[in-house]
Protein chains: 2
Amino acid sequence: MPVADVNNYASIVMTQLKQDILSGFFKPGEKLLMSRLKERYQVGISPLREALSQLLVEQLVVVENQRGFKVHPISLEEMHDIYRSRAQIEQLCIGLAIERGDDEWEATILACAHKMQKYADCIQSQPQEWERRHQAFHTAIASGCQSPTLLQVRRSLYEKASRYRNLWLNKNMPDSSVFAVNQQQHQDLITALLQRDTQLAQQLIAEHLLSPSLLLGKNDSLK
Amino acid sequence: MPVADVNNYASIVMTQLKQDILSGFFKPGEKLLMSRLKERYQVGISPLREALSQLLVEQLVVVENQRGFKVHPISLEEMHDIYRSRAQIEQLCIGLAIERGDDEWEATILACAHKMQKYADCIQSQPQEWERRHQAFHTAIASGCQSPTLLQVRRSLYEKASRYRNLWLNKNMPDSSVFAVNQQQHQDLITALLQRDTQLAQQLIAEHLLSPSLLLGKNDSLK
DNA sequence: AATTGCAATAATGTCGACATTTTAATGTTT
DNA sequence: AAACATTAAAATGTCGACATTATTGCAATT
């Protein structure tokens with residue numbers, strides 16, 4: 001009756017390991033020792049290798065024959081490619097969502113926006129909860145496209161982008177002026193969506209998503 | 001000395017198993033018995049589960065707790081979603097390729113087109129080699145976008161679409177009138193690309209990619 | 001005859017062990 | 001002292017075995 005229908009160890013470990021990579025606990029390029037992973041997640045080798053196999057497809061780890069797994073390395077080129085691609089996918093989702101979205105879609109967007117804005121003050125104290133609401137807001141918008149395929153691609157790119165955000169772009173998070181601009185962008189986006197102004201909404205979302213990555217130009221020093 | 005730097009069993013099995021699913025050897029929804037897979041690929045359980053874990057992420061298999069793996073089911077809705085999404089991704093790639101493609105890009109397209117057209121007569125006798133050249137032609141075009149991220153998404157969608165092509169849309173393959181139209185579409189596409197006519201090229205590629213799926217309408221009987 | 005309960009058969013998911021390969025550590029030679 | 005060869009240690013990838021869970025087959029009952 002508690003049920004929980006929890007999955008096997010492999011899927012649990014895969015979720016935890018993904019979080020540890022995205023959060024930066026395991027650094028880019030770092031070797032992932034089986035002995036260490038075994039100890040950290042308290043499982044045997046089999047579910048570990050299954051979890052790593054999944055993250056291999058998602059390009060969060062890399063493998064070399066007989067030399068084990070490493071965290072996928074990062075690069076400025078990859079970051080820009082991911083951010084640009086994500087912006088384009090999001091434009092696609094929004095374009096379709098404006099075509100296909102109904103009243104329920106609009107209502108959910110407004111509901112998520114409300115929950116996000118009510119949390120604006122707590123961004124310092126509970127940043128991860130704010131991030132969840134922020135993500136829920138954007139997901140509500142994109143979900144209107146009603147395309148599982150596009151939404152899956154979108155999720156994958158969000159995850160990869162979040163790693164770069166955690167690693168590189170997080171330093172100026174609590175900048176209140178940047179934050180105010182961000183909130184205004186959300187408002188403008190909602191207005192464009194409700195007016196079904198596809199072109200404007202696509203332009204706004206691209207600016208919104210790309211602005212963090214533009215802080216790191218081609219010739220900035222890293223680390 | 002023969003070297004071959006071949007990967008581990010898991011990656012070999014994953015490639016073979018993927019082919020068996022895409023080709024339809026393993027039918028949609030079919031249970032994938034470990035005992036059968038062991039016998040077919042001559043490996044133990046560990047590399048098999050790692051291969052299946054990868055195909056799980058690529059959504060070619062599904063898993064149920066304590067009930068093992070099954071081939072991912074198919075549906076008309078999913079087929080249309082995949083085909084539409086693929087067309088949109090391909091439009092993105094082509095739009096960027098027209099922006100970024102150089103002389104080398106143009107030359108490779110023409111080279112691949114030539115090798116494809118020289119094989120037009122052999123489509124009956126060696127259909128899989130023709131399919132390879134056809135794929136190489138389109139990949140050459142898309143590669144001009146120079147975005148690893150988009151190209152990776154594109155490859156994944158190509159694979160999923162090929163399953164539907166093998167399962168449902170292959171019956172009328174050797175229709176010579178359809179084939180002639182196809183060849184003309186390729187020519188028109190090349191012309192549009194060389195003229196850097198983004199809008200026309202995007203329209204042409206969408207028609208080219210979607211035409212097979214349009215043969216199966218919402219209310220056609222399946223199987 | 002159909003349904004329920006129970007036993008036996010089979011399949012899954014995980015662990016520990018083993019062979020092979022890589023990495024390090026040490027000693028030897030120029 | 002630096003470079004090379006050799007040995008020791010550690011890590012990887014795979015297999016077989018085991019406990020747990022699901023499925024099948026059969027008998028008993030209504």
Side-chain angles (χ1 to χ4, degrees), chain A residues 1-21 25-73, chain B residues 1-21 25-73:
Chain A
M1 308 110 47
V3 87
D5 192 25
V6 77
N7 271 331
N8 50 22
Y9 286 174
S11 78
I12 298 172
V13 168
M14 144 29 184
T15 303
Q16 294 175 328
L17 183 50
K18 181 191 282 189
Q19 261 317 106
D20 284 336
I21 292 174
F25 178 85
F26 289 121
K27 303 285 184 295
E30 179 176 352
K31 184 148 178 30
L32 293 169
L33 268 298
M34 282 300 175
S35 50
R36 185 165 178 213
L37 300 180
K38 265 183 73 168
E39 191 183 352
R40 180 166 176 81
Y41 304 113
Q42 293 292 310
V43 294
I45 294 181
S46 305
L48 272 177
R49 289 188 60 87
E50 292 174 27
L52 287 163
S53 297
Q54 297 187 46
L55 298 181
L56 192 63
V57 177
E58 302 197 28
Q59 294 189 294
L60 293 178
V61 305
V62 294
V63 67
E64 216 169 339
N65 200 15
Q66 296 289 357
R67 253 168 253 187
F69 294 87
K70 292 189 307 185
V71 179
H72 196 289
Chain B
M1 292 297 104
V3 87
D5 190 26
V6 78
N7 272 333
N8 50 22
Y9 286 175
S11 77
I12 298 173
V13 168
M14 134 48 172
T15 304
Q16 295 175 330
L17 184 49
K18 182 190 284 189
Q19 261 317 108
D20 284 336
I21 292 174
F25 178 84
F26 289 121
K27 303 286 184 291
E30 179 176 353
K31 184 149 177 33
L32 294 168
L33 268 298
M34 282 300 176
S35 50
R36 183 162 179 216
L37 299 180
K38 266 182 72 169
E39 191 183 353
R40 178 167 177 82
Y41 304 113
Q42 293 293 310
V43 293
I45 294 181
S46 305
L48 271 177
R49 289 188 62 88
E50 292 173 25
L52 287 163
S53 297
Q54 298 187 45
L55 298 182
L56 191 63
V57 178
E58 302 196 27
Q59 295 188 296
L60 294 179
V61 305
V62 295
V63 68
E64 216 169 339
N65 201 14
Q66 296 289 357
R67 254 167 253 187
F69 295 87
K70 293 190 306 183
V71 179
H72 196 289

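Heavy atoms only: backbone and side chains are in, while hydrogens, waters and symmetry mates are out. Convention: sequence-line order gives letters A, B, ...; per-chain numbering from 1.
- No donor-acceptor pair under 3.5 Å is formed between the side chain of B/Gln59 and the backbone N or O of B/Leu56.
- Listed pair B/Arg67 / C/dT12 fails the phosphate criterion, with no side-chain N or O lying under 4.0 Å from OP1 or OP2.
- A cation-pi arrangement, defined by a distance under 6.0 Å to the six-membered ring centre and an angle within 45 degrees of its axis, is absent between B/Arg36 and B/Phe26.
- The two residues A/Gln54 and B/Val57 make their nearest non-hydrogen contact at CB-CG2, 3.6 Å.
- When the shell of 6.0 Å around NZ of A/Lys38 is examined, it contains 12 or fewer heavy atoms from other residues, nucleotides or ligands.
- In 5' to 3' order, the nucleotides of DNA chain D bounding all contacts with chain A (an atom under 4.0 Å from a heavy atom) are D/dA11 to D/dT14.
- The nearest whole Å value for the distance from the CG atom in A/Leu33 to the C1' atom in C/dT22 is 13 Å.
- Across the protein-nucleic acid pair, A/Lys31 atom NZ and C/dT23 atom P stand 8 Å apart, rounded to whole Å.
- The only option from A/Leu32, A/Asp20, A/Val62 that meets the side-chain contact (heavy atoms from CB on, under 4.5 Å) definition with A/Val71 turns out to be A/Leu32.
- The nearest whole Å value for the distance from the CE atom in A/Met34 to the C1' atom in C/dT21 is 15 Å.
- One finds the CD1 atom of A/Ile21 at 9.5 Å from the CD atom of A/Glu30 (value rounded to the nearest 0.5 Å).
- Within residues 45-53 of chain A, the residues that place at least one heavy atom under 4.0 Å from DNA chain C are, in residue-number order, A/Ser46, A/Pro47.
- The nearest heavy atom of DNA chain D to B/Gln66 and to B/Gly44 marks one nucleotide each, and the one closer to the 5' end goes with B/Gly44.
- Of the listed residues (A/Leu37, A/Asn8, A/Val13, A/Ile12), just one forms a side-chain contact (heavy atoms from CB on, under 4.5 Å) with A/Val43, and that residue is A/Val13.
- For B/Glu64, the salt bridge (Lys or Arg N to Asp or Glu O under 4.0 Å) criterion is met by B/Arg67, not counting sequence neighbours.
- Residue A/Lys38 is classed as having no contact, given no heavy-atom separation below 4.0 Å to the nucleic acid.
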